[in-house]
Amino acid sequence: MSDANVLSSPISAAPAATAPAPPTAPGATAGAALASPPPSLDTLQVFVRVAELASFTQAAQSLGLPKASASTAVQRLEASLGTRLFHRTTRRVQLTQDGQACYERCKDLLADLDDMQTMFQPAASGLRGRLRVDMPMRVAHDIVVPRLPEFLAAHPGLELELSSTDRRVDLVREGFDCVLRVGPLSDSSLVARPLGGMEMADLASAGYLAAFGVPQSLEDLAHHRLVQYATTLGQRCPGFEWCDASGATRFEPMAGALTVSDSGSYTAACLAGLGITQVPRHGFETEVLDGRLVEVLPQFRPAPMPVHLIYAHRRQLPRRVQAFMQWLADLMVPRLLPLSSASPAPTA
């Protein structure tokens, strides 16, 4: 059953004693609203998840609830507040103007309550709760996971859920506390804390260079292959990326027999001699030192890839999120080049 079928039916059709219909205009039943009990914490959490996912069904699934429970919780909240919080149609669920104001307030309230659970604990006792974070696979494997034992030893009460994927997760919809993002940012209402830039390198395997020669200039690339990387297969790769003396990014068209969509396959293709790759220098030191990979055209490297910590805009982040973000920043910054803009700011 669709969200619309679950929730778009007129609330007033239900018996008045069990599901009073919210008025269409704020304040229409002020007396009734005053007589209503205050909404519970669980009700507010359901409302926030419905607002974030724009779906009663997905919100219920993410909270482990029946679909009808999410519907009932929102109906009760609307009755308690005396206003309609969502526009419900057969195809979408969208916040009303009052619903948007309620959503922003509820986010702050839940964040404050979440933080209050640990604010009186001594710092020496460590932090408690669950953390859900996401970062690129190579960063997690090479940098973060090897150092996690020290962080978790300092905070044994924390439970960490670590997602390592090359796709761009939706921080809000998927419930992440923070995301380490490598690459250009897309416009959003999230907050981006810049950490620095990853130095890039043009690498090829020793076997590939033995077969095709070592390029000495951009013109030589006409006789070489580029392993193409695309986040979505079917996208056209612009070619070999390089940064000119003015700092502008340019592209040199190149042929390539293989396109991949994940960093693991990209690295494997380079090691297998399928062409030149353009990768962050970090994580490939071993392969370069032992001679399996060789840097080519160092004078034509791509611009450093920006690295940001992304998190939802909140008046006060929970202490456990602040602590993890600072630990991660301290771990990453020494490995990065400084960026020209280094102040936290919304990405849009």
Sub-4.5 Å side-chain heavy-atom contact between [X] and [Y]:
| X | Y | value |
| --- | --- | --- |
| R225 | L274 | no |
| D202 | P302 | yes |
| L209 | P215 | yes |
| V144 | V139 | yes |
| L297 | Q299 | yes |
| R168 | T231 | no |
| T259 | C237 | no |
| R138 | T267 | yes |

*Check step by step if salt bridge (Lys or Arg N to Asp or Glu O under 4.0 Å) holds for R167 and E174.*
CA-CA 13 Å; R167 74 177 178 88; E174 298 180 53; 2.8 Å; yes

Over all heavy atoms of both residues, which pair between [X] and [Y] is shortest? Give the atoms and the distance, please.
| X | Y | value |
| --- | --- | --- |
| E241 | A303 | OE2-N, 4.4 Å |
| C270 | L203 | SG-O, 3.7 Å |
| A140 | P146 | O-CD, 3.9 Å |
| L337 | P304 | CD1-CG, 3.8 Å |
| V145 | P149 | O-CD, 3.5 Å |
| A329 | P334 | O-CD, 4.4 Å |

Spell out, yes or no, whether [X] and [Y] are grouped together once hydrophobic residues are joined by side-chain heavy atoms under 4.5 Å, including indirect joins.
| X | Y | answer |
| --- | --- | --- |
| L336 | F324 | yes |
| F251 | M305 | no |
| M198 | Y229 | no |
| M135 | L309 | yes |
| Y266 | L233 | no |

*Indicate whether the side chain of D42 and that of S40 have a donor and an acceptor atom separated by less than 3.5 Å.*
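No pair is found: no donor N or O on one side chain lies under 3.5 Å from an acceptor on the other.
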
Check whether any side-chain N or O of [X] sits under 3.5 Å from a backbone N or O of [Y] as a donor-acceptor pair, and report yes or no.
| X | Y | answer |
| --- | --- | --- |
| S62 | A59 | yes |
| D166 | S263 | yes |
| D177 | R132 | yes |

_Under-4.0 Å salt bridge between E78 and R88_ = yes

*Could you tell me whether R301 and E295 make a salt bridge, using a distance below 4.0 angstrom between a side-chain N and a carboxylate O?*
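Salt bridge flag = yes for E295 with R301.
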
*Angle class for the F47/Y103 ring planes (parallel below 30°, perpendicular above 60°, tilted otherwise)?*
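Answer is perpendicular, since the angle exceeds 60°.
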
*Using 30° and 60° as the class limits, which term best fits the ring planes of F151 and W327: parallel, tilted or perpendicular?*
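Ring orientation of F151 relative to W327: tilted.
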
Roughly how far apart are [X] [atom1] and [Y] [atom2], rounded to 0.5 Å?
| X | Y | atom1 | atom2 | value |
| --- | --- | --- | --- | --- |
| M325 | R193 | CE | CZ | 5.5 Å |
| I310 | L171 | CD1 | CG | 8.0 Å |
| H308 | L195 | NE2 | CG | 7.5 Å |
| Q228 | Q278 | CD | CD | 10.0 Å |
| D170 | E52 | CG | CD | 9.5 Å |
| L110 | L41 | CG | CG | 6.0 Å |

*Can you tell me if NE2 on H141 sees more than 12 non-hydrogen neighbours from other groups inside 6.0 Å?*
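Not buried by this count: 12 neighbours or fewer within 6.0 Å.
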
_Go through it in stages, so that I can follow the logic: the residues are D134 and T165, the test is side chain to side chain contact (heavy atoms under 4.5 Å, CB included), and I'd like the CA-CA distance, side-chain angles, deciding distance and then a yes or no._
CA-CA 7 Å; D134 177 81; T165 175; 3.2 Å; yes

*Test side chain to side chain contact (heavy atoms under 4.5 Å, CB included) on L95 and F86 and set out the steps.*
CA-CA 4 Å; L95 285 168; F86 290 103; 3.4 Å; yes

*For L271 and S205, run side chain to side chain contact (heavy atoms under 4.5 Å, CB included): C-alpha distance rounded to whole Å, both residues' side-chain angles, the deciding distance at 0.1 Å, then the answer.*
CA-CA 5 Å; L271 289 168; S205 72; 5.7 Å; no

*Strictly under 6.0 Å, is that where the ring centroids of F240 and F300 end up?*
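Distance test on ring centres: not under 6.0 Å, no.
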
*When you look at D98 and T96, which way does the side-chain hydrogen bond (donor to acceptor under 3.5 Å, both in side chains) test go after all the steps?*
CA-CA 5 Å; D98 288 344; T96 63; 5.4 Å; no

